[in-house]
Amino acid sequence: MQEPGAATATTGHVMRVLDMHTGGEPLRIITGGFPAVPGPDLLSKRRYIRGRLDGLRRRLMLEPRGHRDMYGALLVGSELPDAHLAVLFMHNQGYSTMCGHAVLALGRYAVDYGLVAQPSSPETQVNIHCPCGLVRAYVQYEGGKSGRVRFHSVPAFVFATDIPVDLPGHGKIVVDVVYGGAFYAFVSADCFGLDVCSSKTRDLVDAAVAVTNAVKARVKLHHPDSEDLAFLYGTIITDGKDEFSKEPTANICVFADAQVDRSPCGSGVTARIALQYHKGLILLNQTRTFQSGLTNSVFTGKAVEETKCGDFKAVVVEISGQSHYTGTANFYVEDDDDLKDGFLLR
């Protein structure tokens, strides 16, 4: 069978992607066929793509080309002179401001695909401009091959602790809200009689979505740098083991439209470390291991520096993990396809 030509595509071109995963969480890097995104800065580009090009996100993230839990990255130009690349993150509902698992993957990608002119051993620095700010990744590089990646976060801070919310069927529970490049609500699985490693995923997702909705109704967020960053991205349910230990601590992150992170969640772990440091449960440079309650994949993390974000006391967090390549694809959009713009099943 002859491969369809570019002329069959609705937009007259093919959309090309390269897929990776970090700890089981997918990343679809758009490598061709996406129009230029104008704007004087990255947050302006994020607003433009959300308002003018969102149909292309749907075509790549949703079925039949993607699925409910697909995650994407579009590389764009940066206004920051020291950035090697800038990225807009996308998912089943819209556009995030930070994604740690994607940064870990993009670090490898940048080294392997020439976005860094001269990689150095044993480690190559890659400056990745995310909507939340500049994130510095460090890619292991030996014998011409990339490996494990670590990154230093933007300032992460606790917005509020012990926020009471009422959940139908569960009564009043308390949650913490923390920023790690995106805002998350944190709650222990014990509040729901669940276990992040053994309970049904559906039950964990339902609990997390209920918390997200309750916190959105209860708490008005703000961020010192930009109101574009001031929204609750999701909820992270933990095993409650926040005091320092050499044993892994597990969590599950549910974000956007009930999207489930297969990895421990890089920006979520960033926020969780900031919370643990705020509560005096860990010290600077004290490394912890964080495990996905779904796939058992792990990230390591530690608070490496105290800093400020506006009036908030904050920390810079280092997250480390491993990404892998999974494939490439050309996607076509035909005019007579009634489902060409994507769909999700409930």
Side-chain angles (χ1 to χ4, degrees), residues 36-54 57 71-91 93-103 106 127-137 151-160 163 176-186 212 215-236 253 255-257 259 265-275 278 305-317 319:
V37 182
D41 54 52
L42 190 56
L43 285 176
S44 296
K45 288 179 169 69
R46 180 175 174 269
R47 289 192 291 271
Y48 183 92
I49 191 175
R50 185 172 58 193
R52 303 287 292 275
L53 297 173
D54 192 56
R57 173 193 66 84
Y71 204 96
L74 175 67
L75 305 189
V76 296
S78 173
E79 73 274 16
L80 303 181
D82 54 345
H84 292 101
L85 67 146
V87 57
L88 295 172
F89 304 118
M90 59 183 70
H91 46 70
Q93 190 179 52
Y95 305 88
S96 178
T97 54
M98 174 57 186
C99 178
H101 93 273
V103 165
L106 287 169
N127 298 332
I128 301 176
H129 186 189
C130 304
C132 63
L134 191 67
V135 175
R136 290 175 170 82
F151 71 81
H152 285 183
S153 73
V154 297
F157 60 86
V158 173
F159 183 82
I163 302 168
D176 303 318
V177 174
V178 191
Y179 181 80
F183 281 102
Y184 295 95
F186 285 86
T212 296
V215 173
K216 283 182 176 179
R218 173 84 166 77
V219 181
K220 179 173 175 54
L221 297 174
H222 69 270
H223 191 283
D225 294 341
S226 173
E227 285 306 302
D228 287 77
L229 308 176
F231 64 94
L232 188 68
Y233 189 33
T235 290
I236 296 177
C253 174
F255 62 98
D257 183 8
Q259 189 160 338
C265 183
S267 56
V269 168
T270 297
R272 194 173 173 203
I273 290 173
L275 179 62
H278 174 85
E305 177 188 348
E306 290 184 340
T307 185
K308 296 273 287 185
C309 186
D311 293 331
F312 291 102
K313 292 181 179 180
V315 287
V316 173
V317 174
I319 301 295

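With rounding to the nearest 0.5 angstrom, the CD atom of Gln259 is 8.0 Å from the OH atom of Tyr71. The distance from atom CG of Asp41 to atom CZ of Arg47, rounded to the nearest 0.5 Å, is 6.5 Å. Note that the CG atom of Leu74 and the NZ atom of Lys45 stand 10.5 Å from one another [nearest 0.5 Å]. Taken from OG1 in Thr212 to CG in Asp257, the straight-line distance is 11.0 Å, to the nearest 0.5 Å. The NE2 atom of His91 lies 9.0 Å from the SG atom of Cys99; values are rounded to the nearest 0.5 Å. With values rounded to the nearest 0.5 angstrom, Leu42 atom CG is found 9.0 Å from Cys132 atom SG.
By the neighbour-count criterion of 12 heavy atoms within 6.0 Å, atom CG of Asp82 is densely surrounded, having more than that number from other residues, nucleotides or ligands. Atom NZ of Lys308 is surrounded by more than 12 heavy atoms from other residues, nucleotides or ligands within 6.0 Å.
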Might you work through the side chain to side chain contact (heavy atoms under 4.5 Å, CB included) test for Val317 and Val269, ending with a clear yes or no? CA-CA 9 Å; Val317 174; Val269 168; 5.9 Å; no
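Partner His222 forms a ring-ring contact (aromatic ring centres under 6.0 Å, His included) with one of Phe157, Phe159, Phe183 and no other, that one being Phe159.
Closest heavy-atom contact between Ser44 and Gly39: CB-CA, 4.2 Å. Taking both residues in full, the closest heavy atoms of Val215 and Ala185 are given as CG2-CB, 4.2 Å, listed atom of the first, atom of the second, then distance. Contact detail for Gly77 and Ala86: the closest heavy-atom pair is O-CB, 3.8 Å. A pairwise comparison of heavy atoms in Pro38 and Tyr48 identifies CD-CE2, 3.4 Å as the closest pair. Between Phe231 and Leu221 the shortest heavy-atom distance is C-CD1, 3.6 Å. Heavy atoms only, all atoms of each residue included: Gly268 and Ile236 are closest at CA-CD1, 3.3 Å.
Counting heavy atoms from C-beta on, the side chains of His278 and Val178 never come closer than 4.5 Å. Inter-residue side-chain proximity for Asp54 and Arg57 is flagged as met; some heavy-atom pair is nearer than 4.5 Å. In this structure, the side chains of Tyr179 and Leu229 come closer than 4.5 Å at one or more pairs of heavy atoms. Contact of the Thr270 side chain with the Met98 side chain is not registered, since no non-hydrogen atoms from C-beta on lie closer than 4.5 Å. Thr97 places a side-chain heavy atom less than 4.5 Å from the side chain of Arg46. Side-chain contact check for Cys130 versus Val87: some heavy-atom pair is nearer than 4.5 Å. With contacts defined as side-chain heavy-atom distances shorter than 4.5 Å, the pair Ile273/Ile319 qualifies. Side-chain contact between Pro131 and Asp228: absent, with no pair of heavy atoms (C-beta onward) separated by less than 4.5 Å.
Without hydrogens or angle criteria, Glu306 side chain to Lys313 main chain gives no donor-acceptor distance under 3.5 Å. Of the possible polar contacts, none joining the His101 side chain to the Cys265 backbone as a donor-acceptor pair under 3.5 Å is found.
Aromatic ring centres of Tyr233 and Phe255 lie closer together than 6.0 Å. Taking the centre of each ring, Phe312 and His223 stay at or above the 6.0 Å mark.
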